[in-house]
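Heads up, the thing below is written out as structure tokens.
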Amino acid sequence: MQVIKTIFKWIGRTILLVISVIVLGYTYIYISTEKRLNKKYRFSETRLAIPSDSQSIEKGKHLYQIRSCGDCHGTSLQGGIFMNDPLLLQISAPNLTKGKGGLSPEYSSRDWIRVLRHGVDKNGKSLWMMPAHESNTLNKDDLANLIAYCQSVPPRNNQLRKLKSIGPIGRVLMKIDRVAVLPAEHINHALPISANPPATVYETGKYLASTCQSCHMHDMKGGSALAPEFPPVPDISAKGAAGRWTEAEFIKTIRSGKTPEGKILRKEYMPWQNMQSFTNEELAAIYTFSKSIH
Ligand code: HEC
Ligand code: HEC
């Protein structure tokens with residue numbers, strides 16, 4: 001009897017210990033992620049004149065497409081639910097028009113500039129999952145044209161549910177930096193906007209490749225899968241299979257979703273269909289940039 005009692009006592013203690021460790025660990029993760037979610041960023045605002053001529057708006061439309069804004073905000077800027085997983089993350093990508101459910105009538109160019117350059121809301125807190133660390137690299141003309149286009153899109157009524165919460169798995173992934181939830185953490189807020197468009201083919205490629213780098217990484221060498229059920233991200237630098245392709249083969253791969261080796265790129269993991277707005281020159285520039293990396 002005594003032995004059984006002792007065993008039960010020890011099992012009880014072990015369970016209690018495990019639970020305490022989990023509770024303490026999660027409390028620590030909760031507090032430290034809460035601190036990051038609520039951090040306020042300070043910076044000096046960028047001033048920019050937004051054009052209204054049709055040529056600038058047309059250029060802005062092209063940028064909206066190749067910078068993949070539409071993947072999350074929709075092709076008519078109507079918005080959409082970006083992720084709805086209570087354990088991970090629940091967040092909607094807002095309706096960016098001034099229709100019902102969209103931006104407030106007072107939403108100004110200053111707000112657009114703040115979001116796209118710094119990735120923060122009115123209170124200076126980082127937005128969630130909005131890739132402002134990519135739009136932050138846009139030069140003056142491109143940023144102004146992009147905003148001009150977005151403001152020119154007619155109002156769309158789309159009253160989305162305003163989702164914004166992060167679950168326990170989301171917090172753990174955020175804590176170990178497996179998911180870049182907060183764009184403002186990845187921006188150098190002191191860096192002024194560039195006034196110069198890229199001067200060479202290589203520079204153009206580097207500039208445009210920011211859309212690829214969120215998955216293929218900064219060095220274009222890819223890496224492990226982005227999510228549990230995803231394939232690993234291939235190396236598209238000179239060292240990978242793509243490094244052996246000609247420029248024409250590289251462009252054809254993005255156009256057709258099929259590599260010269262005959263591998264079919266699955267559009268759920270590699271969004272090649274959404275990349276069709278890139279011109280051949282732009283894809284060739286990205287090729288030049290990736291191929292320069294050894
Ligand atoms: C990966 C998905 C994704 C992409 C791509 C994306 N956004 Fe967003 N965007 C979001 C989400 C999610 C939010 C809301 C963030 C929040 O509420 O914290 C957001 C917020 C915004 C806001 C702020 C709206 C407000 O209420 O203040 C603007 C403006 C915006 N995005 C414009 C753009 C533009 C322009 C592009 C392309 C350069 C773009 N977004 C690309 C997901 C995305
Ligand atoms: C959302 C993440 C994501 C983005 C953004 C992305 N890729 Fe990919 N890419 C992948 C994944 C994942 C694969 C592997 C797909 C598969 O196995 O079906 C891939 C495969 C490729 C391949 C085939 C490589 C090979 O060796 O088979 C090329 C080329 C490529 N991507 C180029 C690009 C370029 C250029 C861009 C930017 C314009 C880009 N990708 C943006 C995730 C991405």
Side-chain angles (χ1 to χ4, degrees), residues 37 60 63-74 77 79-83 89-96 102-104 107 109 111-116 119-122 125-132 134-138 142-143 146-147 149-151 153 160 162-164 166 180-184 205 208-217 220 222-227 230-237 239-245 249-254 257-272 274-275 277-278 282-283 285-287 289-290:
L37 294 166
L63 286 160
Y64 185 85
Q65 292 166 338
I66 65 169
R67 292 273 167 176
S68 50
C69 314
D71 288 3
C72 301
H73 294 282
L77 282 71
I81 305 292
F82 175 65
M83 203 181 264
L89 195 68
Q90 292 174 296
I91 183 94
S92 37
N95 175 349
L96 298 177
L103 303 175
S104 77
Y107 205 85
S109 301
D111 295 309
W112 278 96
I113 297 168
R114 187 194 64 242
V115 167
L116 295 172
V120 300
D121 65 15
K122 272 198 168 61
K125 288 192 204 173
S126 183
L127 294 168
W128 298 9
M129 301 315 286
M130 158 68 201
E134 292 173 18
S135 52
N136 166 266
T137 64
L138 286 169
D142 280 355
L143 182 62
L146 174 63
I147 295 174
Y149 165 69
C150 292
Q151 290 178 333
V153 173
L160 284 167
K162 285 206 167 47
L163 299 176
K164 193 160 178 169
I166 182 163
V181 180
L182 303 174
L208 295 170
S210 68
T211 342
C212 320
Q213 286 164 332
S214 51
C215 301
H216 289 278
M217 300 298 141
M220 305 296 257
S224 52
L226 300 163
F230 280 47
V233 185
D235 183 348
I236 56 170
S237 75
K239 285 277 194 291
R244 294 187 293 275
W245 306 343
E249 283 173 331
F250 182 85
I251 296 174
K252 200 170 162 205
T253 301
I254 303 295
K258 193 174 162 191
T259 72
E261 294 86 25
K263 187 172 124 190
I264 305 288
L265 302 177
R266 289 156 291 179
K267 60 181 185 312
E268 347 41 302
Y269 307 127
M270 160 64 193
W272 60 271
N274 300 347
M275 294 174 188
S277 308
F278 278 109
E282 286 168 336
L283 289 176
I286 296 177
Y287 170 81
F289 167 68
S290 345

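Start at 1 and go down the list; that is how both ligands and their atoms are numbered. Nothing fancy with the numbering, it's 1 onward along the sequence.
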Any atoms of ligand 1 less than 4.0 Å from a non-hydrogen atom of Cys72? List them with their elements.
1 (C), 2 (C), 3 (C), 4 (C), 5 (C), 42 (C), 43 (C)
N/O separation below 3.5 Å, Arg266 to ligand 2
yes
Which atoms of ligand 2 are found less than 4.0 Å from any heavy atom of Thr211?
5 (C)
Tell me, which protein residue and heavy-atom name are nearest atom 25 (C) of ligand 1, and how many Å apart are they?
Tyr107 OH, 3.4 Å
Would you please test Glu261 and Trp245 for side-chain hydrogen bond (donor to acceptor under 3.5 Å, both in side chains) and show each step?
CA-CA 10 Å; Glu261 294 86 25; Trp245 306 343; 2.9 Å; yes
Nearest protein heavy atom to atom 20 (C) of ligand 2, by residue and atom, and its distance?
Pro234 CG, 3.5 Å
With only distance considered, is Ser135 within less than 3.5 Å of ligand 1 through an N or O on each side?
no
Side chain, backbone, both or neither: which part of Glu261 has a heavy atom under 4.0 Å from ligand 2?
neither
If you count the atoms of ligand 1 from 1 in the order shown, which ones are under 4.0 Å from a heavy atom of Ser68?
5 (C)
Any idea which part of Leu208 is under 4.0 Å from ligand 2, heavy-atom wise: side chain, backbone, both or neither?
neither
Write out the residue and atom name of the closest protein heavy atom to atom 27 (O) of ligand 2, then the distance separating them to 0.1 Å.
Lys263 NZ, 3.1 Å
Here the atoms of ligand 1 under 4.0 Å from any heavy atom belonging to Ser92 are 12 (C), 14 (C)
Taking backbone and side chain together, does Cys215 place any N/O/S atom at a distance below 2.8 Å from atom 8 (Fe) of ligand 2?
no
Opening angle at atom 8 (Fe) of ligand 2 [NE2, His216; SD, Met270; to 10 degrees]
170°
Residue and atom name of the nearest protein heavy atom (relative to atom 7 (N) of ligand 1), distance in Å to one decimal:
His73 NE2, 2.8 Å
